[in-house]
Amino acid sequence: MKNELAKTYDSSLFEDSIYTKWEKSGFFNPDLSNLPDDAPSYTVILPPPNITAKLHIGHSAMLAIEDLMVRFHRQNGYRTLWVPGTDHAAIATQNMVEKKLMAETGKTRHDLGHEAFLREVDTFVENTQATILKQTRKMGASLDWSRLAFTLDDKRQKAVKRMFLDMHREGVIYRGERIVNWCPRCQSTLADDEVEHKEQKAKLYTFKYSADFPIAISTTRPETKLGDTGLAINPKDERYIKYIGEDIETDFCGLKLKIKVIGDRKVEMDFGTGALGVTPAHSALDWQMAEAENLTKIKVIDETGIIRDSFGEFSGLSTLEAREKIVDRLNADGLMIKEEEIENNLSCCYRCGSVIEPLPSLQWFISVDAPVARLNGRSMKEAALEAAKKKDIKFLPDRFEKRFVDWMENLYDWCISRQIWFGHSIPAWYRGDETYVGEFAPEGEGWIQDADTLDTWFSSGMWTFSTLGWPDTFENDIKSGDLARFHPTQVLETGYEILTLWVSRMVMMSMFALGEIPFEHVYLHGTILDAKGKKMSKSKGNGVDPLEVIEKYGADAVRLSLLMGATPGNDARYSEEKVESKRNFINKLWNISRFILADLKDEDLNQSLDITPTAKTLADRWILQELGTTRKTVDESIRNFEFAAAADSLHDFTWNKLADWYLEVAKIEKEKSPILIYILKNVLVMWHPFIPYVTEALWESFNDDILMMKQWPAAPEVTDGADFVIIQEAITGIRNARSENKIEPARKVKAVVVGNKAEFLVGQAALLCGLRTGVETIDLAEAAPSEAAIRVVLGETEIYLLGAVDPEKEKARLTKEKENLEKLIAGLSVRLQNQEFVSRAPAHILKVEQDKLARYQSELANINDALKA
RNA sequence: GGUCGUUUAGCUCAGCUGGUUAGAGCGCUGCAUUCACAUUGCAGAGGUCAGUGGUUCGAGUCCACUAACGACCACCA
């Protein structure tokens, strides 16, 4: 015994020093693990948290799950790598700093200028990054800090540039004019999935362009009608079908419009007048129609939300002012037919909430459909879809495969340029009408680099391989170094809300760059909600700071509370009571260890691993048997990503079996069995991935090595300990009899079934019943099987612990069981004799049913034997 | 409009391919406690598994429909 253990576990005394000990050991880095060369690798890349803010409890859940997987595999002989990092989160971060700047100095980023503003951002990034990394360590995350990455550091900048150039050369990246989601406040484009839809009331105006125009149209945005070049109707619409193909010139609010009538099935006949004014430049749907019909595209609104020149009296007005003016004029001219309130979905920026203006704009795009040589001419989209459908990438829970596939199939080209300052610069250069794509500006004067930056998902999409040395570790399609050893990674663990935003992009980028999947499994966790089931958010103020809870209850308690009661893909509620109850459990484990380790002798520590011969009593064999099944369950559950089930099983073993029964028996023994220390070691090893701090703290109190690296052989297979359960039932029976005062003077209580299992000492049974005095034993050898083996005298009370099963009771129990089994067998037989079922059922189903039948029949045979005896 | 999820004890949730008496934690009730642990122990109460119908020898589990709640996607010009 090296250290005395305190009465309760105080996490604050251990966590920091233990984390330092782990880090100093170097074993977070798999290169230092002394594993044989052929050890399988196990790689997890940490989803890099945005450096916009410190971590919240949801991140803690992510870290707990990943650290569990990582520690488990590290303890089981895998070359285990978990790569840490942070994400620069371009738009989000820039917005954050702009807001801060405005609040503190009243200045905009333009007031500061490009360089000074980026310096502000850097300072902000450094601060939050430091906080995030500190929080991550506090959680006990066993990340390889030597490989720490940032999506915007030098190595990643190099990788991103290379990727851009490769994609451009291959024709996957192109520059073109497309309608994009434009945020007038951020002054930048947004990807489709960065646009949020908010429900609101809107006015739907129905009117004619002019008095002589034959068809009325409906719109919520009359100001865009200044740019109409077409009128679309459903080709099935009898009312208007005769106009299809006509070119109509008309006068709209004093401006000339040339309108071509086209047919398009996307037009809903029931909505409005069933006719749609086509505004190619300001609606994504209209743009598509215009492309198909070769309509002119007239840009009405500029990037700041102002009506452009050459629109007469409306030029220079904001969209809202122009709308008002047009509505007034339509009313005055008697062209307005109807104004009605409708429910409408407004497109808003997911970062700042401003209304999105669809605009045509010259941007960089990734074509998801372009053929890629490395993929044998398949596109990234096709390759990604195939990986999912062929289950090269497995989703957990598997329903997310469908969501992934659906989204992928409907994917359009991805706009990757953003008009913000903070982010990866674009390796493209312009001079007049010339464009050059390359790492450096070409020779000659006057070349100016593209002022835009790349979508943040471009760099995070490369995360699985940009963190493993790509492109330096990939020459001539051959992987080397980290990339060869650790890619594809085994598991991507992340929240389901970024399945499309991030996961899909990683698959495509990896397919393009390496021609292989980025990960074998995608494990998607749910969202952590507050105790009332509401989403946590800053504005609601219901967020939880992990550091505060850790300080109060310890990191292990926080981890365990997030791991237990959470299943993949489902949201989970957080409450402090849960953390508290886990803290209590951890203290229980502490005290179990304290009891076992008290007065421990050195020779007890140097026990042989083959513990089975020291199992002398029924209780010994029972606990070893339970240990064996628990280890199996825990192992299988973790490998199947059923972490809560693994924890439940361990929890049950530790508290209900080990503490409540085996330790109680052990207290009565004169000498401590070496089995105690053996069980404790197993328990600590198994718990370590869940609650690393307390287990390591306990381990170091009686071992010289480090638990984090401890591999432990499987528990011995003991199969003859189950009868101890009968004793437990009997003891419970006596306890109940006593507590209900059913034990009257001189009354005999038949309860305990010690029987021929005499090695469980009768004195122990008595003590476990809470009977401490007046124990008188009868020699078992002399007692007939159904007679008393022990007589306990408590004052006037005599209690007999019987030497055999109560034959009546046992017979009744067996008979009941027999009846049940017979019913089951009869039912199953009916099915198996059903010709239709037998001929139709697949072979494996048939086998399962047959096995089941065989199992029931053998059980029945056992019971019949027992009944005879 | 489309897709998906949830509904099991007072609360939070397990329950894998249909199979013997539906589980856990918390809470509640009663009792105990100088003994590793009151961050404790023992015992107990509490469920027609949202509803209806179907498949089956057998349904919490499979199918259909209904209801409530929730998420996501698309979009109405």
Side-chain angles (χ1 to χ4, degrees), chain A residues 5 7-9 192-193 197 202 204 217-221 224-225 232 266-268 270-273 275-279 282-286 342-345 347 397 399-400 402-403 406-407 410 496-497 499-500 526-527 529 531 533 535 553 557 561 564-567 569-575 577-578 580-598 637 640 642 644-645 648 651-652 656 659-660 663-664 667 732 735-736 738-740 770 772 816-831 834 837 844-845 848-849 852 855-856 859:
Chain A
L5 298 180
K7 205 168 176 183
T8 53
Y9 171 60
D192 289 344
D193 35 335
H197 300 279
L204 182 71
I217 58 162
S218 301
T219 184
T220 52
R221 302 197 56 194
T224 64
K225 299 293 106 184
K266 288 193 281 292
V267 180
E268 285 181 36
D270 302 334
F271 189 86
T273 61
L276 156 67
V278 182
T279 320
H282 298 288
S283 151
L285 185 72
D286 295 12
I342 58 161
E343 286 294 324
N344 193 10
N345 271 319
S347 299
R399 65 183 133 95
F400 284 102
K402 185 175 151 46
R403 202 195 276 189
D406 285 351
W407 190 81
N410 295 311
Y496 61 75
E497 73 278 3
L499 177 70
T500 52
T527 310
L529 308 171
K535 247 187 188 162
Y553 297 102
S561 73
M564 294 183 83
T567 42
N570 296 327
D571 296 348
R573 295 181 191 204
Y574 168 87
S575 70
E577 288 80 63
K578 280 186 194 171
E580 193 182 339
S581 85
K582 300 312 166 211
R583 191 269 321 263
N584 293 354
F585 168 74
I586 285 161
N587 190 57
K588 184 77 181 179
L589 179 62
W590 178 265
N591 273 291
I592 288 169
S593 310
R594 193 158 94 103
F595 172 76
I596 294 177
L597 295 173
S637 301
N640 290 329
E642 291 162 357
D648 279 343
H651 185 274
D652 180 54
N656 301 336
D660 290 350
L663 292 194
E664 293 305 317
K667 279 180 189 170
T732 303
R735 281 177 181 159
N736 288 351
R738 288 188 70 224
S739 71
E740 287 163 22
R772 287 160 202 280
K816 184 93 204 295
E817 206 165 314
K818 184 182 167 181
E819 277 169 23
N820 280 330
L821 277 168
E822 279 168 350
K823 232 163 52 187
L824 277 170
I825 290 168
L828 258 178
S829 305
V830 170
R831 159 164 289 188
N834 182 336
F837 171 75
H844 69 275
I845 300 264
V848 166
E849 297 289 292
K852 235 189 273 179
R855 205 175 65 233
Y856 294 153
E859 260 180 64

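Chain A is the first sequence line, chain B the second, and so forth, proteins listed ahead of strands; every chain is numbered from 1.
- Set against B/G25, B/C37, B/G19, the side chain of A/S581 has B/G25 as its closest nucleotide.
- When all heavy atoms of A/A644 and A/M564 are compared, the pair lying nearest together is CB-CA, 4.3 Å.
- The side chain of A/K588 contributes an N or O atom lying less than 4.0 Å from OP1 or OP2 of B/G41.
- Between the C1' atoms of B/U34 and B/G30, the separation comes to 23 Å (whole Å).
- Taking the P atoms as reference points, B/U17 lies 24 Å from B/U52, given to the whole Å.
- Partner assigned to B/G41 is B/C31, using Watson-Crick or G-U wobble distances below 3.5 angstrom.
- The residue among A/F585 and A/N570 whose nearest nucleotide of RNA chain B lies closer to the 5′ end is A/N570.
- Distance check, rounded to the nearest 0.5 Å: CD1 of A/I586 to OH of A/Y553 gives 12.5 Å.
- Salt bridge status for A/E849 with A/K852: present, with a side-chain N to carboxylate O gap under 4.0 Å.
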Please write out the pairs of protein N or O atoms and N or O atoms of nucleotides 20-24 of chain B separated by less than 3.5 Å, giving the distance to one decimal.
from: B/U20; atom 1: O4; to: A/E859; atom 2: OE1; distance (Å): 2.6
from: B/U20; atom 1: O4; to: A/E859; atom 2: OE2; distance (Å): 3.1

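- If you check the side chains of A/N820 and A/Y856, you find no donor sitting under 3.5 Å from an acceptor.
- Between the NZ atom of A/K667 and the P atom of B/U40 there is a distance of 14 Å, given to the nearest Å.
- Candidate nucleotides B/U39, B/G19, B/A77 were compared by shortest atom distance to the side chain of A/L204, and B/A77 ranks first.
- Using the Watson-Crick or G-U wobble rule with both distances under 3.5 Å, B/U48 pairs with nothing in any strand shown.
- Using Watson-Crick or G-U wobble geometry with both donor-acceptor distances under 3.5 Å, B/A36 finds no partner in any strand shown.
- B/A43 and B/C26 have their P atoms separated by 14 Å, given to the nearest Å.
- Rounded to whole Å, the C1' atom of B/C13 lies 14 Å from the corresponding atom of B/G27.
- B/U55 is unpaired under the criterion used here, namely a Watson-Crick or G-U wobble arrangement in which both key atom distances are under 3.5 Å.
- An OP1 or OP2 oxygen of B/C37 is reached within less than 4.0 angstrom by a side-chain nitrogen or oxygen of A/K7.
- Using a 4.0 Å heavy-atom criterion, one finds that A/A232 contacts no nucleic acid atom at all.
- B/G1 and B/C73 make up a base pair, with Watson-Crick or G-U wobble contacts both under 3.5 Å.
- Annotation: B/U3 and B/G60 have their C1' atoms spaced 25 Å apart (nearest Å).
- Nucleotides B/U12 and B/U48 have their C1' atoms positioned 23 Å apart, rounded to a whole Å.
- For A/T8, taking side-chain heavy atoms from C-beta onward, the closest of the listed nucleotides B/U3, B/U39, B/G19 is B/U39.
- Formation of a donor-acceptor pair under 3.5 Å by the A/N591 side chain with backbone atoms of A/K7 is found in this model.
- Closest to the side chain of A/D660, out of B/G41, B/U39, B/A36, is B/G41.
- Taking the C1' atoms as reference points, B/G41 lies 12 Å from B/A36, given to the whole Å.
- For the pair A/T567 and B/A14, the criterion of a side-chain N or O lying under 4.0 Å from OP1 or OP2 is met.
- No contact: A/S283 has no heavy atom under 4.0 Å from any strand.
- The shortest heavy-atom contact between A/T220 and A/A202 is CG2-CB, 4.2 Å.
- With rounding to whole Å, A/I592 atom CD1 is found 13 Å from B/A36 atom P.
- At whole-Å resolution of the value, CH2 in A/W590 and C1' in B/A36 are 12 Å apart.
- Contact annotation for A/E268: base contact, defined as any heavy-atom pair under 4.0 Å involving a base atom.
- Side chain of A/T279 to main chain of A/H282: no donor-acceptor pair is present (N/O by atom type, distance under 3.5 Å, no hydrogens or angles).
- One can place CZ of A/R594 at 14 Å from P of B/U40, the figure rounded to the nearest angstrom.
- Taking CD of A/E268 as the reference point, atom CG of A/L276 lies at 10.5 Å (rounded to 0.5 Å).
- Look at B/U12: its Watson-Crick or wobble partner, with both distances under 3.5 angstrom, is B/A24.
- Without hydrogens or angle criteria, A/T219 side chain to A/R221 main chain gives a donor-acceptor distance under 3.5 Å.
- Taking only side-chain atoms of A/K535, from C-beta outward, the nucleotide of B/A36, B/G18, B/C72 with the closest atom is B/C72.
- Taking the six-membered ring where the residue is Trp, A/Y496 and A/F400 present parallel rings, their angle staying beneath 30° rather than reaching 60°.
- When rounded to the nearest whole Å, the span between CG of A/D652 and C1' of B/A14 equals 13 Å.
- What separates CD of A/E822 from P of B/G58 is a distance of 19 Å, to the nearest Å.
- One finds no side-chain N or O of A/K852 lying less than 4.0 angstrom from the OP1 or OP2 phosphate oxygen of B/C57.
- Going from atom CZ of A/R831 over to atom P of B/U55 covers 14 Å, rounded to whole Å.
- The residue A/R399 sits close only to the backbone: its heavy atoms come under 4.0 Å of sugar-phosphate atoms, none of a base.
- No donor-acceptor contact under 3.5 Å links the side chain of A/R573 to the base of B/U12.
- Taking atom CD of A/E819 as the reference point, atom C1' of B/C57 lies 17 Å away to the nearest angstrom.
- Nucleotides B/G47 and B/U8 have their P atoms positioned 14 Å apart, rounded to a whole Å.
- Using a 4.0 Å heavy-atom cutoff across all strands shown, A/K818 reaches no nucleic acid atom at all.
- A distance of 8.5 Å separates CD1 of A/I592 from CG of A/D660, quoted to the nearest 0.5 Å.
- For the OP1/OP2 pair of B/C26 and a distance below 4.0 Å, the side-chain nitrogens and oxygens of A/N584 include no atom meeting the criterion.
- Comparing A/S593 and A/I586, the nucleotide of RNA chain B nearest to each residue sits closer to the 5' end for A/S593.
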